[in-house]
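Have a look at the structure below, then the notes.
What's counted below: heavy atoms across the whole structure, side chains too, no hydrogens, waters or symmetry copies. All values derive from a computational prediction rather than experimental measurement. Below, chains carry the letters A, B, ... as their sequence lines are ordered, and counting in each starts from 1.
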2 protein chains.
Amino acid sequence: MADEALSAGVVARRLGIAVTTLRTWHQRYGLGPSEHVPGRHRRYTPADLIRLETMRRLTANGVAPAEAARWAVQAPDAALPGPAPRTEGRGARDGGGGATIPVGRSGPAARGLARAAMRLDSNAINEVIDRAIRTGGVVVTWDTLLRPVLAGLGERHAATAALIEVEHLVSRCVSEAFAAVVRAHAPNGPPRILLSCADEEQHSLPLEALGAALAEAGIAHRLLGARVPVRALLGAVHRTGPAAVVLWSQTRSTADPTQLTALLAGPRRPLLVFAAGPGWRADSLPAGVVRPANLAEALSLAAAVRDSLDQSAAG
Amino acid sequence: MADEALSAGVVARRLGIAVTTLRTWHQRYGLGPSEHVPGRHRRYTPADLIRLETMRRLTANGVAPAEAARWAVQAPDAALPGPAPRTEGRGARDGGGGATIPVGRSGPAARGLARAAMRLDSNAINEVIDRAIRTGGVVVTWDTLLRPVLAGLGERHAATAALIEVEHLVSRCVSEAFAAVVRAHAPNGPPRILLSCADEEQHSLPLEALGAALAEAGIAHRLLGARVPVRALLGAVHRTGPAAVVLWSQTRSTADPTQLTALLAGPRRPLLVFAAGPGWRADSLPAGVVRPANLAEALSLAAAVRDSLDQSAAG
DNA sequence: AATTCGACGCATGAATCGACGCAACTCGTA
DNA sequence: TACGAGTTGCGTCGATTCATGCGTCGAATT
């Protein structure tokens, strides 16, 4: 019983791919059981499994399947290539197939992330995200990796009414990755920036990205969750007295300018109010509200707030 | 002491299978009398009988014989999908009830956590939670610290329609803490346990607690998020073929037994299906569903699943 | 004398095989 | 911007291979 003879189905399930894909990999790339008589069932040895795991890991990191297979065949235990798989000018075609997530030309990492997500492989997802954040930082990772994948996922999900579980899993992984960033970077000083979703707004990931970026920049913040009613927001502002408030609205339906007005009119009025997110309409914003265009801009604006506070606090 | 040595024929008749099948099970799966000299007659002890009964029950429920045998050999007395799930001692717990559970006498840590939550001080919240998990483990922390606080918070929030932001913040912190636990403990082996919320169910924190506890015990798992439609759940099961599925339902309205039935009837039927959470009603569960009473029980059951199936080579 | 043993073989249903094709994605080119 | 070419994962179909429960047979056990 020590000689495990794993069947195709078992292996496929373990890798999170379809049985047919296993067969395809075998006949297209030669990536199959070391001993296999045509017509007979395939029996995967542990060594074969390792090879397949390598294949999985490489594709999860954005390597084109054909290349990954070539690699896996001759160097089963190979680690990942260089620090950042910068693919530029390479002619290696890499398309997607089957039920995938469209990521466009967002780089190999996005493709790998999409692939790992389709397999519900949270470990691979975490690995990709962590690596990206470690090498490129939060802002770049958000703009070039996470947002494209999440957008593609949402689009596909809206169209197909499927992949909901994939979307949730990825969201959770992203959220966790950002949380890890916040935890890793020690928060110095009291949080003077409050991040909050608009009322009824349930997408909090962009705010979490901003939070992680702030933490990365050494700026402490406070992040309320999704669906924050106006009353709760005002209460939080009143009790914590933040210098700046960022209010996120993903869709137009949650972008009620009244919330912003209430913020500006309430007691302990924050120095600065940001209306972030694509939901807000520029022409309907009350005066005194800043509308950052993207994550980087929001980050720099927030940093400016922090700096100005430091100066004023010097007295 | 009444160590009845049952003969093969008697055992076969009692189990309702052929004598030859008994012999086959012995030589094919090693599922036979603990002591047996080749050529001599087999004598089955009560312990052996229990093992065989397990085997029969599992196969009767559609589990593949080879896997069932593996389970029966090393986890003979584990709780199993029985025809009449009469395991129920009345609601000794249930977090979604109506009992008044303010933080009350849940220990000083709970009080401190509640205070930090009121201040929206995520750093302090994290600190308290992390310390608790580090000293007492996930299960204890959940039962004695987090659940009381969350329950009290939810109750007050339901009554006052306020403190929503506090609840969200605490939830996020708890979620992050669990995620950190999962990340810290390296996942060994492929995840064979799938955790998922029932359709429409939006409380995923208890499942995350289970996931963290599993990770703490070195058991890999896969956690889908909240609000998983039945179709998505079935798709995930089909694609990943988990050994066990835990379906969480917090309130009665989300506890549709149809979901469980679909799980058991679908292709790639999981070996074990758990109906977890206070939403489920014991008398409405389909046969073959296990209903763990609390986090600790769910953990031990899941651990049993892992043990019975884990003999794979480490990657 | 009644069972049981070990070995062999058979019938059947599940799993897999090989081949084919589809759909979706990316990229180069017009 | 649109369109064709190349990739790739996976669903489907008829045939085949495997796994599994059990019957049969001569010899041994109880």
Report task. Dump the intermediate steps for salt bridge (Lys or Arg N to Asp or Glu O under 4.0 Å) on A:E35 and A:R43, then the final yes or no. Result -> CA-CA 8 Å; A:E35 302 172 27; A:R43 286 293 133 85; over 6 Å; no
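- At whole-Å resolution of the value, CZ in A:R43 and P in C:dC17 are 8 Å apart.
- One can place CG of A:L6 at 13 Å from P of D:dA19, the figure rounded to the nearest angstrom.
- With rounding to whole Å, B:L58 atom CG is found 17 Å from D:dG21 atom C1'.
- At the phosphate of D:dT8, neither OP1 nor OP2 sits under 4.0 Å from any side-chain N or O atom of A:T24.
- Here the P atom of nucleotide C:dT4 and the CD1 atom of B:I17 are 13 Å apart, to the nearest Å.
- Between C:dG18 and A:R40, no contact under 4.0 Å exists linking OP1 or OP2 to a side-chain N or O.
- Nearest to the side-chain atoms of B:A8 among the listed nucleotides C:dC17, C:dT4, D:dG9 stands C:dT4.
- For the side-chain contact (heavy atoms from CB on, under 4.5 Å) with A:L31, the lone residue among A:T24, A:D48, A:L52 that qualifies is A:L52.
- Of the residues near DNA chain C, A:V103 and A:H36, the one whose nearest nucleotide (by heavy atom distance) lies more toward the 5' end is A:H36.
- Phosphate contact (OP1/OP2 of C:dG18, side-chain N/O of A:R42, threshold under 4.0 Å): present.
- Between the side chain of B:R23 and the base of C:dG6, at least one donor-acceptor pair of N or O atoms lies under 3.5 Å.
- Side chain of A:R28, nearest nucleotide from D:dG9, C:dT26, D:dT30: D:dG9.
- Distance, B:H238 NE2 to D:dT12 C1': 12 Å, rounded to whole Å.
- Per the geometry, CG belonging to A:L31 stands 14 Å off C1' belonging to D:dT8, to the nearest Å.
- At whole-Å resolution of the value, CD in A:Q27 and P in D:dG9 are 12 Å apart.
- Which of C:dT4, D:dG9, C:dT26 sits closest to the side chain of A:R111 comes down to C:dT26.
- Picking from C:dA7, C:dT26, D:dT8 the nucleotide with the shortest atom distance to the side chain of A:A66 gives D:dT8.
- When all heavy atoms of B:P270 and B:V237 are compared, the pair lying nearest together is CD-CG1, 4.3 Å.
- The shortest distance between the side-chain N/O atoms of B:Y29 and the OP1/OP2 oxygens of D:dA19 is not below 4.0 Å.
- You'll find that the side chain of A:T21 is closest to D:dG9, out of D:dG9, D:dC22, D:dT29.
- Side-chain N/O atoms of A:R42 and A:H26 include a donor and acceptor closer than 3.5 Å.
- When rounded to the nearest whole Å, the span between CE of A:M118 and P of D:dC10 equals 7 Å.
- Taking every heavy atom of both residues into account, A:A117 and A:V166 meet most closely at O-CG1, 3.5 Å.
- Residue A:H26 is out of contact with every strand shown, counting any heavy-atom pair closer than 4.0 Å.
- Relative to the side chain of B:T20, the nucleotides D:dG23, C:dC17, D:dG9 differ in distance, and D:dG23 lies closest.
- Nucleic acid contact class of B:A64 (heavy atoms, under 4.0 Å, all strands): none.
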**Report entry** Audit row: A:D130, B:R183, salt bridge (Lys or Arg N to Asp or Glu O under 4.0 Å) steps and yes/no
**Finding:** CA-CA 11 Å; A:D130 286 347; B:R183 281 167 173 248; 3.0 Å; yes
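- Toward the 5′ end of DNA chain D lies the nearest nucleotide of B:W25, the other residue of the pair B:G39 and B:W25 mapping further downstream.
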